[in-house]
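First up is the structure itself, then whatever we jot down about it.
The model shown is predicted, which means the values in this text are computed figures rather than measured ones. Letters A, B, ... are given to chains in the order of the sequence lines, protein chains preceding strands, and every chain is numbered from 1.
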2 protein chains.
Amino acid sequence: MDDHKQQIAHFEQTCRAHGLKMTHQRLEIFHALVHSSEHPSAETLYSMLEKRMPTLSLDTVYRTLATFVDLGLVKRVETLGSKARFEAKIDQHHHFFCDRCGQLTDFTWQSFDASQLPETVQELGRVRDKNVILHGVCNQCLKAKE
Amino acid sequence: MDDHKQQIAHFEQTCRAHGLKMTHQRLEIFHALVHSSEHPSAETLYSMLEKRMPTLSLDTVYRTLATFVDLGLVKRVETLGSKARFEAKIDQHHHFFCDRCGQLTDFTWQSFDASQLPETVQELGRVRDKNVILHGVCNQCLKAKE
DNA sequence: CATCAATTAAGAATAAATCTTATCTGAGCC
DNA sequence: GGCTCAGATAAGATTTATTCTTAATTGATG
Ligand SMILES: [Mn+2]
Ligand SMILES: [Mn+2]
Ligand SMILES: [Zn+2]
Ligand SMILES: [Zn+2]
């Protein structure tokens with residue numbers, strides 16, 4: 001995906017703009033996030049990367065993720081699980097969450113994005129984000145059942 | 001609200017149906033949840049109740065909430081915050097979350113509830129719940145700003 | 001090449017939530 | 001009204017995710 005290259009470019013720009021050094025820890029962690037669709041936790045990212053980067057520390061993963069979230073490069077995903085999950089996908093999309101295996105799948109929904117909120121809601125305050133969360137059971141889990 | 005009485009009745013039924021004793025800890029905790037719209041955490045509930053119930057323990061609040069969630073009487077709310085928040089409101093509704101103060105406000109959205117999911121989503125698995133989460137800044141926080 | 005931000009190691013510290021064990025209380029049944 | 005046992009309490013330990021501390025090392029960048 002050429003998208004990813006652009007995203008990495010934007011990432012490098014943002015780091016530079018904030019005077020942050022381009023360490024390969026940062027680059028690898030961001031890269032892993034960009035190329036993953038599983039919304040990994042800090043630990044998952046760590047396991048994914050420690051093979052290639054034997055000196056990587058879990059602490060760095062946490063610290064780096066926190067930095068990325070601050071910069072708006074990465075989002076923490078809202079889940080019911082106990083460990084935080086992250087994504088580098090910044091463009092508008094929504095989530096389907098499998099309550100059995102914890103899998104998080106992205107989807108888009110244009111007509112929802114274009115829809116107007118009820119008036120009652122507009123009186124509550126200033127809305128910045130509008131997202132759908134689905135809960136259910138994914139196909140793999142449905143198959144694995146019988 | 002007469003709604004609340006009905007909800008308490010349903011709560012008592014469910015407890016009885018599962019052979020659970022109607023302790024006043026359980027009743028008070030459920031009552032507090034039903035009459036609150038703030039989606040309190042276990043600690044918040046504990047603070048709310050300890051005045052009236054000086055012997056209540058935080059452990060009991062946690063244990064009781066877990067029981068209620070298991071019974072489907074109470075839902076854990078999806079948030080980005082570190083502590084779990086709960087509600088006894090079971091009927092279909094959605095949430096507006098103030099990123100500044102953490103306030104969670106309910107709202108309903110009939111046309112959304114009636115809407116069809118995109119086809120691509122139906123291929124992902126069996127969807128059980130479909131909810132909207134808004135993020136933004138609530139009116140109180142907007143006022144308090146200047 | 002020098003500088004200093006960032007990483008690492010190793011361990012301690014937090015915070016939320018859960019568990020343990022023993023003791024007490026009170027809800028539900030006769 | 002009295003029994004019985006589920007459930008509450010106290011007090012403390014434990015677990016899990018996450019963050020912090022300190023000191024030594026690395027390596028990105030000017
Ligand atoms: Mn996503
Ligand atoms: Mn709610
Ligand atoms: Zn699944
Ligand atoms: Zn607010």
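Residue B/Y62 places at least one side-chain N or O under 4.0 Å from the OP1 or OP2 atom of C/dA17. For the OP1/OP2 pair of C/dA15 and a distance below 4.0 Å, the side-chain nitrogens and oxygens of B/S82 include no atom meeting the criterion. Considering only side-chain N and O atoms, A/H24 lies nowhere under 4.0 angstrom from the phosphate OP1 or OP2 of D/dG27. For A/T23 and C/dT7, the shortest distance from a side-chain N or O to OP1 or OP2 is below 4.0 Å. Under 4.0 angstrom from either OP1 or OP2 of D/dA17 there lies at least one side-chain N or O belonging to A/K83. Remark: A/R63 is not in phosphate contact with C/dA6, judged by side-chain N or O atoms under 4.0 Å from OP1 or OP2. Contact between the side-chain N/O atoms of A/S57 and the OP1/OP2 oxygens of C/dA9 is not found at any separation under 4.0 Å. Checking the phosphate oxygens (OP1, OP2) of D/dG27, no side-chain nitrogen or oxygen of A/Q25 falls inside 4.0 Å. Between C/dA6 and A/R26, a contact under 4.0 Å exists linking OP1 or OP2 to a side-chain N or O.
Distances were taken from every side-chain heavy atom of B/D59 (C-beta onward) to each of C/dA16, D/dT9, C/dC19; the shortest belongs to C/dC19.
The side chain to side chain contact (heavy atoms under 4.5 Å, CB included) with B/L134 is formed by just one residue from the set A/L117, A/L124, A/N131, A/D129; it is A/L117.
A straight line from CG of B/L27 to C1' of C/dG26 spans 14 Å, rounded to a whole angstrom.
The minimum heavy-atom distance between B/C98 and B/C138, with the atom names listed, is SG-N, 3.3 Å. Between B/Y46 and B/S57, the shortest heavy-atom contact is CE1-C, 3.7 Å.
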**Message:** Using side chain to side chain donor-acceptor pair (under 3.5 Å), reason through B/H94 and B/D106 one step at a time and then give a plain yes or no.
**Reply:** CA-CA 6 Å; B/H94 311 282; B/D106 292 332; over 6 Å; no
